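Order of appearance sets the numbers: ligands from 1, and atoms from 1 within every ligand. Reckoned from all heavy atoms, side chains included, excluding hydrogens, waters and symmetry mates. Along the sequence shown, residues are numbered consecutively beginning with 1. Worth saying up front: this structure is predicted, and the values here are computed from it rather than measured.
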Amino acid sequence: MVQKTLCVIFDGLGDRPIPSLGGKTPLEAAATPNFDALAQKSLCGLMYTLGRGVRPGSDVSHLAIFGYPMQQYYTGRGPIEVAGLGIRLQEGDVAFRGNFATVDESWNILDRRAGRIRVVDAFAAALDGLVIDGVTCIVKPGTAHRAGVVLRGKGLSAAISDADPHEEGKPVAAVRPLDGTKEAAFTADVLNKFMRRSYEILDAMEENKQRGANGQFPANILLLRGAGVYPSMPEFDEKYELKSCCVAGGGLYKGIGAFLGMELIDVPGATALPDTDIEAKFKRGVELLSDHSFVFVHVKASDSLAEDGNAEGKKVFLEKADRAAALLRDLPDDVLLVIASDHSTACELKAHSADPVPVLFCNPSVRVDDVAAFGERACARGGLGVIEGKDIMPQIMNLMGKLHLIGA
Ligand code: ZN
């Protein structure tokens, strides 16, 4: 019986027929003997992650797959990204994504990324822990010019506008409340004070004087956007009575894992780029099954390559993924392998599309169907039929014998 689940999500895996690939999708055109062998001993199907006719974003589609409907749990990208930076959020926290940027004395934006600054740790540390009107401001560095900010205190709201005008040459925007509540007005006021205070601190820093002297853009302001409030929600492990972890290279996906309370595992070589070491991720994923009952492994580049319209690159990347998938062919009988995707990314659109994605469930306990290859059209004939993202966890729970009986 299934005791553990290894859930591999290939971002943007599904695609449309490509003329230059002989009318096949990149996954169909790729030589994937290992995926095909897995499909042959799996229950296969197609999945409309958020339902038919919905073009899913990566964040909300992952939440749907893990059983957290966006209507209830998605309040913006801020809390997810910030969770991935290692800030443990509390109910009522308001979280933002931010960029360290450069402004002149009149707060006109000279560079939205402070000259593509690579390390912002000192600047984030200088702002971390500021208290404004009883609200604590938590600031953590992200990759390159990025940072995450959390406002923690009583009476906060995420119904406020961005301070980031999203364009160079424009002045930093004054933060406005977006509804008539006193919480929104208070939060906007706190954030405007934070912007002022952070400019004063950053602009006076020796590191920035040094950058100016070297002809570099100083990181003298932190532009915030994407306010979201951390909702009241059960952690993944509590919801499903599992012990979970997350292996991902991309910040957003680490964020999804952390947002749901999964343990984040760093794997050297996991870059979220086409050069990523998929083999290292799969190997670590399998090892982690020794002390976890749910391991989520995310692979990003299938999506990014399709967003570049690079069908050949996506095909080649999937062939590389298939070579790594040799490690997944002979998992112990108590391990359920799920291979799925969050959405299709169509090379012809260079964007996410609403086309369904292939899914497989591999374990001796599943009712194996006649699907002989892992691809969009092959999986359309699978025994799983057509499912939605919200059906994945119940399917896993059923196989693990953990579903509660309805009725008597
Ligand atoms: Zn995605």
**Message:** With ring-ring contact (aromatic ring centres under 6.0 Å, His included) as the criterion, how do Tyr73 and Phe66 come out once you've worked through the C-alpha distance, each side chain's angles and the decisive distance to 0.1 Å?
**Reply:** CA-CA 12 Å; Tyr73 297 109; Phe66 293 129; over 10 Å; no
**Request:** Show the numbers, then the answer: is there a ring-ring contact (aromatic ring centres under 6.0 Å, His included) between Phe236 and Phe294?
**Result:** CA-CA 10 Å; Phe236 185 87; Phe294 189 94; 4.8 Å; yes
**Asked** What N/O/S atom of Asp11 gets nearest to the Zn ion (ligand 1)?
**Response**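 Nearest N/O/S atom: OD1.
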Contact check: [X] to the Zn ion (ligand 1), N/O/S below 2.8 Å:
| X | value |
| --- | --- |
| Asp342 | yes |
| His352 | no |
| Ser58 | yes |

**Item:** Name of the residue among Leu85, Val135, Leu156, Ile138 meeting side chain to side chain contact (heavy atoms under 4.5 Å, CB included) with Val150
**Value:**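 It is Ile138; the other options fail the test.
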**Request:** Specify whether His343 and His352 have parallel, tilted or perpendicular ring planes, treating 30° as the upper limit for parallel and 60° as the lower limit for perpendicular.
**Result:**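 Parallel, since the angle between the ring planes stays under 30°.
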